[in-house]
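Below you'll find the structure, written out as structure tokens, and then a few comments.
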Amino acid sequence: MFRSPASVLAPSSIALVGASERGQWQGMIFRNLRDYQYPGRVFLVNPRQREVWGERCFPSLRELPERVDHAMVIVPAPAVAGVLEDADAAGVTSATVYAAAMGDGHDPQSKKRGAWLKDFLKRSKIRIAGPNCMGAHSYHERMFAYPNTELGRFPAGPVGAIFQSGGTLQFWLRTGADRGLRFSYGITSGNEADLDLADYLNFLVDDPDTHQIALFIEGIRRPDAFMHAAGRALAAGKPVTAIKTGATAKSRSAAQSHTGAIGGDYAAYLAMCERYGIVNCRSLDDMLETCLAFDGHRLPKGPRIGFVTTSGGTVDLLYDYAEAEGATMPDYAPHTLKDLMPFMQEGIEPKNPLDLGIPMGLKHAASVCEVVAKDPNIDMIAWAAMLPSKAGAWEGVDALQAMVRGTDKPIVGFGRMSYQMTPEAVDAQKAAGFPFLQGLEPTLRAMNGLWFHAARRGRQPAALPPAPASDLTPATLDATLARYGIALPKSREVATPAEAATAAEAIGFPVVLKVRSPEILHKTEAGGVVLDLRSREAVLTAADALMVAARASHPGARIEGFLVQEMISGVEAIVGARNDALYGPILLVGAGGILVELARDVALRLLPVTAQDVTVMIDGLRLNKLIAGFRGRLAADRQALEATIQALAQFYLDHRARIEDIEINPLMIRPSGAVAVDVRVIWRTGDA
């Protein structure tokens, strides 16, 4: 499943192909290798030069005095093929191709080179990084092959970064380094003709020097391999944080079903992150704060945050932001409130978030944090403080160190806003022994990320087995759903208005009348549904109106007749399942009815799901308030909803060989029981 990038990231020897004193990237990389003391041998290759930077230059890889492990190929795209042929003939293990126009874009020559590269990879054993990438920095190996001469001066550390955006990497690494993050690898993967995101992720999971991994994702070429590597990271206890582009891209399935429209590409990606414990971040800044939070090397036992501040305004903002971010800030325990009183200014009552009033120094703050850390209601401590910009500005840092030693709970400092950090501030952070974050909302999101990972850490989600054989047909659909425990309303399919009226009398009034047409999936939008019909005459009139409306909205549709159903009332939910082309079967649960796409009160998970997964999905929905009995309404049967969700999930897994998409909307949740009022199925080609 995986190809090893070991010789790309930790080569024993290097050939710099395209070495030229006029080449900017070549010069920066050569200086990196020399100035930061790469320990392996470095050979320069250029057929037009005998000497570059005072070093001997060889005409080609074939003419080197010894075999090299890795070739850095920094030549124009038309010359890449010849260099790679030489590399293959010379037994080079791997190569990084920096050039673009090797299959990307619309230029015919680029497409031709891309086709050549694809064929070359089939017949060669050489591993290729790129093309169209900017190389990598390997800090522990002192191999700096990214064209930036500043990043190599920072000490090696535990954060591995893999970016599909080559240019973005240097800015994120530099900002992170200025904040105190230290890196094991900074990797750009480029167009991933060979080595891809999954390969690099899998490598970092096994790397003993990498303790957490940050990803910039534009696309995932091999989702199965990526998810397997992410699962290995979760099982190994290595946090993975990510930012992904494409959140606003239109779903390819929008025209098929509500489940497809809402659970499209990015939503399915988020469901994958939930399954595999990937902390998805809103921005590059958020990913930086989250990595800093993980750099504290502590994980919480729960989501509850205790805040210690010196500002009533900060407290007010935290209330607002915590609710928006879903952060948990419980009340301090009674004994904590009592123990805090000696530290409080007159007229300020202790609470969470805590306002201490005027700052009183590090020892005072550390003592307060010690009290909060002992509270059984608190899993993480956040102290509002900025790092000093000058050496010696903090007195009593030993009190902070003692506070850290006195608890195993995560501790972070946080600034109310972002601010410039000096090297002296980084030293102060290191001396304190815990990370300092910046910004109230990013801090809340980072601490939520700590718990998100901690709650999933150590498990490796099982791979989904292939779809089993199924004999499901449209004719057996209702009976099969009922066998899984999904309740359906009394209903009859008829051909004419007169038959509809007779069926309504047999079912019992009131009834619902729906037009039947395989071309009209969303009947309500097409005017194809009439509710609460209470007489034979009303059914006859509604049937004539439905035919007119259906033909007006879908002139070419084949009208097969009508569906007559008993009228069901209750809380409307939607439950759907579909197959995502990248991540596999996915489940959607949310508030249903005609406003489902507008409200978008939904939760998604990759299948299979457990009973606990279903419980958590419902708990996070506004729909849950309706089920509990909103504003005096009767409570709905949540247990029946959960049972129906699990039944539909299992039904889809068992029969996905036959169906692409199934959706119940609405699922009417009654005070007792739940009924699937409208079931829509998108059959796989040839099965409808």
Side-chain angles (χ1 to χ4, degrees), residues 139 150-151 153-161 171-184 186 211-212 214 239 241 281 284-300 305-310 314 359 361-370 372-373 380-447 449-450:
Y139 281 84
E150 295 181 341
L151 292 170
R153 63 183 174 84
F154 295 101
V159 182
F171 301 105
W172 193 82
L173 290 183
R174 176 58 190 268
T175 305
D178 287 344
R179 293 283 303 283
L181 280 182
R182 298 295 178 253
F183 302 99
S184 55
H211 300 160
Q212 63 164 306
T241 57
C281 300
L284 292 166
D285 295 300
D286 269 8
M287 189 161 73
L288 182 58
E289 303 304 329
T290 304
C291 286
L292 278 164
F294 279 116
D295 206 40
H297 306 296
R298 291 185 179 183
L299 293 175
I305 309 171
F307 279 94
V308 177
T309 85
T310 56
T314 299
L362 295 189
K363 186 174 181 180
H364 182 269
S367 298
V368 173
C369 290
E370 284 178 355
V372 173
M380 297 175 272
I381 301 94
W383 169 45
M386 291 177 61
L387 289 163
S389 59
K390 297 180 180 179
W394 268 10
E395 293 184 5
V397 72
D398 54 329
L400 295 180
Q401 296 167 345
M403 180 264 292
V404 173
R405 291 193 299 268
T407 182
D408 62 354
K409 297 177 180 179
I411 302 166
V412 302
F414 70 95
R416 297 163 180 82
M417 299 174 65
S418 60
Y419 59 95
Q420 190 76 28
M421 276 182 58
T422 63
E424 289 78 12
V426 174
D427 292 340
Q429 178 176 242
K430 184 176 181 181
F434 55 91
F436 283 70
L437 311 185
Q438 296 187 7
L440 300 182
E441 293 166 294
T443 295
L444 285 163
R445 290 194 284 266
M447 299 187 82
L450 288 181

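- The two atoms that bring Ala384 and Thr309 nearest to each other are CB-CA, 3.8 Å, heavy atoms only.
- Expressed to the nearest 0.5 Å, how far CG of Leu288 lies from SG of Cys281 amounts to 9.5 Å.
- Side-chain contact between Pro158 and Arg182: present, with at least one pair of heavy atoms (C-beta onward) separated by less than 4.5 Å.
- Sorted by first then second residue, the salt bridge (Lys or Arg N to Asp or Glu O under 4.0 Å) pairs that include residues 383-403, not counting sequence neighbours, number zero.
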ask   = So Val412 and Met380, side-chain contact (heavy atoms from CB on, under 4.5 Å) or not? Walk me through it.
value = CA-CA 8 Å; Val412 302; Met380 297 175 272; over 6 Å; no
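- Identified under the side-chain hydrogen bond (donor to acceptor under 3.5 Å, both in side chains) test for residues 286-300, with sequence neighbours left out: Arg179-Glu289, Asp286-Arg445.
- The closest side-chain heavy-atom distance from Met287 to Trp172 is below 4.5 Å.
- Shown here for Ile305 and Ala382, the closest heavy-atom pair between the two residues is CG2-CB, 4.2 Å.
- Looking at heavy atoms from C-beta onward, Phe294 lies in side-chain contact with Leu299 at the 4.5 angstrom threshold.
- Partners of Phe436 under the ring-ring contact (aromatic ring centres under 6.0 Å, His included) rule, at least two apart in sequence or in another chain, are Trp394, Phe434.
- When all heavy atoms of Ile381 and Met447 are compared, the closest pair comes out as O-CE, 4.0 Å.
- A distance of 11.5 Å separates CG in Leu362 from NE2 in His364, rounded to the nearest 0.5 Å.
- Contact between Pro435 and Gly296 at its shortest, heavy atoms only, is CD-CA, 3.8 Å.
- Taking Ser184 as the reference, Thr210 meet the side-chain hydrogen bond (donor to acceptor under 3.5 Å, both in side chains) condition, with sequence neighbours excluded.
- Considering only heavy atoms from C-beta on, Asp178 stays 4.5 Å or farther from Val426 through its side chain.
- Applying the side-chain hydrogen bond (donor to acceptor under 3.5 Å, both in side chains) test to every pair with at least one member in residues 399-410, sequence neighbours left out, gives these pairs: Lys301-Asp408.
- For the pair Phe307/Phe414, a side-chain contact is recorded, criterion being any heavy-atom separation below 4.5 Å from C-beta on.
- The two residues Val404 and Ala432 come nearest to each other via the heavy atoms CG2-O, 3.7 Å.
- The side-chain hydrogen bond (donor to acceptor under 3.5 Å, both in side chains) analysis of residues 410-428, with sequence neighbours excluded, yields the pairs Thr310-Arg416, Thr314-Arg416, Thr422-Glu424.
- In this structure, Leu437 CG and Thr443 OG1 are separated by 4.5 Å, a value rounded to the nearest 0.5 Å.
- Closest approach of Tyr139 to Pro155, counting heavy atoms only: CD2-O, 4.3 Å.
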task = Tell me, with the steps shown, if Cys291 and Leu181 meet side-chain contact (heavy atoms from CB on, under 4.5 Å).
result = CA-CA 8 Å; Cys291 286; Leu181 280 182; 3.9 Å; yes
